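So the structure is just underneath, and the comments pick up after that.
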Amino acid sequence: MEIKGRGNWGSQFGFIAAAAGSAVGLGNIWKFPYMTGRYGGAAFVLVYLLFVLLICIPIMNSELLVGRKSQKNAVGAFKVLAPGSPWFIVGVMGILAGFIILSYYSVIAGWAVAFIFKSGAYMAAGADHANIFVGSITSSVAPLIWHAIFMFMCIGIVAAGIEKGIEKYSKILMPLLVLIMLVLIIRSVTLSGAGAGLSFYLKPDFSKLTAEGVLAALGQAFFSLSLGMGCMITYGSYLKKDQDIPANSYWIAGTDTGIALLAGLAIFPAVFAFGLEPGAGPGLTFITVPAVFAAMGPVGHFFGILFFFLLTIAALTSAISLLEVVSAYFIDESKWDRKKAVWIMGIIIFLLGIPSSLGLGIWSGVKILGGRDILDSLDFIASNILLPLGGFLLCIFIGWYWGTDKAIEEGNTGAKGAITLGGGYRFLIKYVAPVAIFIVFLKSIGVF
Ligand code: PFF
């Protein structure tokens, strides 16, 4: 993928692999299961699916078509389509969200990198997985080193211009990740006591659903699909006119949602079988997965290493898209050299991540939003506020300012399949999506 000279995606599949690579990441495998656990199980999943379908897919189409139409980064796109207006601020908010998300994202990804190397202790039979995990993330220096290593990998890839490599490897490694997850699911659902986990995950109990849970489902849908911060605008800007935006949107959203659902299926039966707490929070995946693999004996050890290797790759393809959004802005708008932009932004983001990591250990006394630690608070602000707000404003921009006619025309250019944008898209983007986001916001701050 050529970035600097405003190139194009080589093929439809190449684009889908890169965009799905951005979407599929820690959000699916780490965050979706722990959010589901925290907010009550199947009812949360159903609300999540509803938001993907009614809000996020129309917004995915919109971001891609805004990108392709303007051929610009998140901020530049609004400057081209709405010159002289303040709409570009939506893009600026997106860049800010990108900074915040990548700062803690890299801390979590660092844990996955560490697991590849420390798997011996983590996956030994009889190991106390919860204690080992908590011990390792609460120490001060080691997690920061893994965080630095992960950021360094991102910087290296993005500074080189996202070379063919990552696109090429994503195409092989992503399917491999799904395969390993299937192994994990089979082992997980056949553990004794798995049934309680399955019913927690699959049988909705709406009495467990809170307003905060609904907001979290909305934020999670945006986060998981890489929406609301201009990432898909940036990726869409490298699309050619003959590429099919509506079909691409369904492929990306479908892949992303499918992998999140599979991750839940791998995790929850094991959580219940091992008597762990589904609401355990950010450690859920990191504790359950080694526990399941350890229960498989030596072959499990091998799968465990492979799993965390693939999780690192999934995190990397997402993290580079985050760093790309931030850097593309400084390259296009401030005319910085790519290397300079990527290194400066990468280092700032690394530094920003330090409090998130320390907040789990020596700074664990620091609680910000409603008792949340630093990492959780930043995630809350970015995922639950900035991303849905970015999505909301994009709906208003398209539905009420730029116009759905222009959007539909651009979106359908190159559409070959049965799916095209039309009355349904218009209705969702103008009314359903913005009203739903607005209501969820009001409800979560307790207006009614
Ligand atoms: N979608 C990624 C995940 O689920 O892990 C995270 C992410 C990437 C969010 C890119 C936002 C973004 F622009």
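Both ligands and their constituent atoms are indexed starting at 1 by order of listing. The structure displayed is predicted, hence computed values, not measured ones.
Ala23 O, 2.9 Å is the protein heavy atom nearest to atom 4 (O) of ligand 1. Looking only at protein heavy atoms, the nearest one to atom 11 (C) of ligand 1 is Ser226 CA, 3.6 Å. Protein heavy atom at the shortest distance from atom 5 (O) of ligand 1 is Tyr105 OH, 2.5 Å.
Cation-pi check for Lys208 over Tyr39 is not met; the charged atom does not lie both under 6.0 angstrom from the ring centroid and within 45 degrees of its normal.
Atom OH of Tyr105 sits about 12.5 Å away from atom CG of Leu375, to the nearest 0.5 Å.
Checked by distance only, ligand 1 and Gly27 come closer than 3.5 Å through their nitrogen or oxygen atoms. Residue-to-ligand polar distances place Phe223 within reach of ligand 1: an N/O pair is separated by less than 3.5 Å. Considering both main-chain and side-chain atoms, Asp256 never comes within under 3.5 Å of ligand 1 through any nitrogen or oxygen pair.
Heavy-atom proximity to atom 12 (C) of ligand 1, evaluated over Leu227, Thr234, Leu322, is greatest for Leu322.
Remark: Arg372 does not engage Asp379 in a salt bridge, criterion side-chain N to carboxylate O under 4.0 Å. A salt bridge does not link Glu212 to Lys443: none of the charged side-chain nitrogens sits closer than 4.0 Å to a carboxylate oxygen.
Counting heavy atoms closer than 4.0 Å to ligand 1, residue Ser22 contributes atoms from both its backbone and its side chain.
Those atoms of ligand 1 that come under 4.0 Å of a heavy atom in Leu26, given as number and element, are 5 (O). Close contacts between ligand 1 and Gly25 involve ligand atoms 3 (C), 4 (O), 5 (O) [criterion: under 4.0 Å to a heavy atom]. Interface of Met229 with ligand 1, defined as ligand atoms under 4.0 Å from a residue heavy atom, comprises 11 (C), 12 (C), 13 (F).
In this structure a side-chain-to-backbone donor-acceptor pair under 3.5 Å is present from Tyr201 to Leu261.
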